[in-house]
Amino acid sequence: MNPFASRSSANRVIPGFGLSLGFTIFYLALIVLIPLSALFLKTFTMTWEAFWAAVSSPRVMASYRLSFGASLIGAFINVIFGGIVAWVLVRYKFPGKRFIDALVDLPFALPTAVAGITLTSLYSANGWIGQYLEKIGIKVAFTPLGVMLALTFIGLPFVVRTVQPVLEDAERELEEAAASLGASPWQTFTRVILPGIVPALLTGFALAFARATGEYGSVVFIAGNMPMVSEITPLFIITKLEQYDYAGATAIAVVMLIVSFILLLAINLLQTWTRKRAGK
Amino acid sequence: MSAVIDTPVNAATRAPRKATNTLEPRWVRYTLITVALLFLTLFLFIPLVAVFFEALKHGWATYQEAVVDPDALAAIKLTFIAAAISVPLNLVFGVAAAWAIAKFDFRGKSVLLTLIDLPFSVSPIIAGLIYVLLFGSQGWFGPWLMDHDIKILFAVPGIVLATIFITFPFVARELIPLMQAQGSEEEEAALVLGASGWSTFFRVTLPNIKWGLLYGVILCNARAMGEFGAVSVVSGHIRGETNTMPLQVEILYNEYNFTAAFAIASLLALLALVTLAVKSIIEWRLHAARKTNLQMQTTEH
């Protein structure tokens, strides 16, 4: 199992190229490409004025602010705490470490609706955590704060899982050299360790942010869904659909899709950067 | 979004290194461990416990009653049907895509890789919306479907289609890097010795990729059974007919029937826990296999 095995020489021996590639493209077109193109074609039936009015009404602008704002804050919280979790899991030994490592993926595995109702019941006024926060005057459930909380939950594994492998590959000798040359632990951290994991932190941030902007299931229960206050963009698309305003729903969906494509591009560039750094 | 899901290749290379001579003072170490554990307790452990607590709050009998309710059973059945159709289809696709991408060189490969990942970066709501635009009464095929009395939207086929879209990349995502890393030497040897293409695949390739395949299937299945947003758009929420388990959870919760909602939710949480356990076992096995491989290599030289 040589990872450097050349594949180009196999072209003539190995069969099934036409069949496998043909089926791949056929299935991709049928399930993904044709349906997605319907979205763009639908917006072409709208006039520019109608499109612009649909994607820039005050209510939808408020939903962008909430969706993107809460996603940014959630992703930022995950960079800080996800970075600490990754560090602790890679560098330290403590009881139950393997169990905790496996549990980090829970937000990927737990259906979003389950996460949504659970967080709501925990943080509502009489919930396990909500009752204490209520006493000090903090309301989480049915406010924008609740949206942020749910989006933090959903993005939790991304930063941990992008930083973990980079920290494992980090050369400890460099840190030891820095320390023996008289650097303080803080200097070693900011000058040696941090520069090495910055690309991974940024990638994790972008992934968590991208996931959070489109998230629906875990948010709708805890958000309260008040127009202009706690209504996220995906929910507003559903509201439009329920009013049979298909063109309006599609226009907003296209805006969101374009944002996701830009994020996807940024993530790909970040990962190339990370690999280059690692290869050095 | 290739880092969305941990690949078994990545996971297996995560060799636990000995935590030797950490440079930072002891109090820093303990503070960091405490902060990390508090954060994970607050965000992961407490919610997980709360699901089962809320489900069993009014006793085992109430719990059982909620699970064997006819609407709940219909939802469980539909969830299994949707997964039983979408997972095998995406499995066949994943194997075909990995075979084409890992074994051959062709132009536009990186574009193809990006397109396969596309459903990961599309919001579930948009995934549902595209099928409404295609098959809804105002959609492209809507009028034709109505004339022929075929129901796709607000019926089981729509739910299955949305589930296939959402879980589309999972198996391919796991198999492509795995098969790329393994190369083609073993297959070439089998073919040169006279094995047919299919028997080479079943006797040589499949045993080599079985753990990666299982890993992808497990993650694909968890998402297929738990998908909420996309399915919610195309389902129509008809009780006992087009409700999957997550949708049934939503309906019960919105009716303030919290115990029943959490009872169904606890089944989904169990599925998540089983998924995480199997995933960890596979990672551990891959890691062990890699270790023996490395040892064999060092003794050979």
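Because only heavy atoms are used, hydrogens play no part in the values below, and waters and symmetry mates are left out as well, while side chains stay in. Letters go in sequence order (proteins before strands), and every chain restarts at 1. Values in this document were obtained by computation on a predicted structure and should not be read as measured data.
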* To do: Name the region of B/E54, side chain, backbone, both or neither, that has any atom closer than 4.5 Å to a heavy atom of chain A.
  => side chain
* When heavy-atom pairs shorter than 4.5 Å are enumerated against chain A, which of B/L134, B/I33, B/V51 gives the highest number? -> B/I33
* Asked: By a 4.5 Å heavy-atom criterion (distance strictly below it), what part of B/Y131 contacts chain A: side chain, backbone, both, or neither?
  -> side chain
* Asked: Taking C-beta and beyond as the side chain, do A/T233 and B/I125 meet within less than 4.5 Å on heavy atoms?
  -> no
* Under 4.5 Å between any side-chain heavy atoms of B/P25 and A/P185, yes or no? -> yes
* Asked: Does a side-chain heavy-atom distance below 4.5 Å link A/L149 with B/F43?
  -> yes
* Taking side chain as C-beta onward, heavy atoms only, is A/T24 less than 4.5 Å from B/I101? -> no
* Between B/W99 and A/P15, which heavy-atom pair has the shortest distance, and what is it? -> NE1-O, 3.1 Å
* To do: Give, for atom CH2 of A/W128 and atom CD1 of B/I46, the distance between the pair rounded to the nearest 0.5 Å.
  => 8.0 Å
* Atom pair OH/CZ of B/Y30 and A/F94 - distance to nearest 0.5 Å -> 12.0 Å
* Asked: Taking all non-hydrogen atoms of both residues, which atom of B/P47 and which atom of A/L119 are closest, and how far apart?
  -> CG-CD2, 4.3 Å
* Structure fact -> Most heavy-atom pairs under 4.5 Å with chain A, out of B/W198, B/F262, B/F201, B/W140, belong to B/F262
* Asked: Looking at B/A127, B/S280, B/A272, which has the largest count of heavy-atom pairs under 4.5 Å with chain A?
  -> B/A272
* Side chain from CB out, backbone as N, CA, C, O: work out which of these in A/L156 comes under 4.5 Å of a heavy atom of chain B, or both, or neither. => side chain
* To do: Measure B/I126 against the heavy atoms of chain A and call it side chain, backbone, both or neither at under 4.5 Å.
  => side chain
* Asked: With only heavy atoms counted, which part of B/N90 is less than 4.5 Å from chain A, the side chain, the backbone, both or neither?
  -> both
* To do: Please state whether the side chain, the backbone, both or neither of B/F93 comes within less than 4.5 Å of a heavy atom of chain A.
  => both
* To do: Report yes if some heavy atom in the side chain of A/P107 is under 4.5 Å from a heavy atom in the side chain of B/L44; otherwise report no.
  => yes
* Asked: Any side-chain heavy-atom pair from A/V32 and B/L115 closer than 4.5 angstrom?
  -> no
* May I ask you to test the B/L219-A/F108 pair for a side-chain heavy-atom distance under 4.5 Å? => no
* To do: Examine whether an atom of B/L118 lies under 4.5 Å from a heavy atom of chain A, and if so say whether it belongs to the side chain, the backbone or both; otherwise answer neither.
  => side chain
* Asked: So what's closer than 4.5 Å to chain A heavy atoms on B/L112: side chain, backbone, both or neither?
  -> side chain
* Asked: Atom CD of A/E215 and atom OG of B/S123: how far apart are they, to the nearest 0.5 Å?
  -> 8.0 Å
* Structure fact -> Between the CZ atom in A/F221 and the CD atom in B/E250, the distance rounded to the nearest 0.5 Å is 4.5 Å
* Side chain, backbone, both or neither: which part of B/F106 has an atom under 4.5 Å from a heavy atom of chain A? -> side chain
* **Contact origin within B/P119 toward chain A - heavy atom pairs under 4.5 Å** => side chain
* Over 12 foreign heavy atoms within 6.0 Å of CZ, A/F261 -> yes
* Going by heavy atoms in the side chains, are B/T114 and A/L264 under 4.5 Å from each other? -> yes
* Asked: Highest number of heavy-atom pairs under 4.5 Å with chain A: which of B/L268, B/N254, B/T275?
  -> B/L268
* For B/I164 and A/Y27, what are the C-alpha separation, side-chain angles and deciding distance, and is it a side chain to side chain contact (heavy atoms under 4.5 Å, CB included)? -> CA-CA 11 Å; B/I164 293 176; A/Y27 190 72; 3.3 Å; yes
* Asked: Heavy-atom distance under 4.5 Å to chain A: side chain of B/V95, backbone, both or neither?
  -> neither
* To do: Nearest 0.5 Å please: distance from the CD1 atom of A/I117 over to the CG atom of B/L252.
  => 9.0 Å
* Considering all heavy atoms, the nearest B/Q138-A/Y244 contact -> NE2-O, 4.1 Å
* Hey, could you give me the OG1/CG distance between A/T250 and B/L129, rounded to the nearest 0.5 Å? => 5.0 Å
* Structure fact -> Taken in chain and number order and not counting sequence neighbours, the residues that satisfy ring pair (Phe, Tyr, Trp, His ring centres under 6.0 Å) with A/F81 are B/F39
* Structure fact -> Looking only at A/I100, A/V220, A/L33, A/L103, most heavy-atom pairs under 4.5 Å shared with chain B are made by A/L103
* Structure fact -> Heavy-atom nearest pair, A/Y216 first then B/G229, reads CD2-CA, 3.7 Å
* To do: Work out which heavy atom in B/A100 is nearest to a heavy atom in A/S20; give both atom names and the distance.
  => CB-OG, 3.4 Å
* To do: Inspect the surroundings of CZ in A/F40 and state if more than 12 heavy atoms from other residues, nucleotides or ligands are less than 6.0 Å away.
  => yes
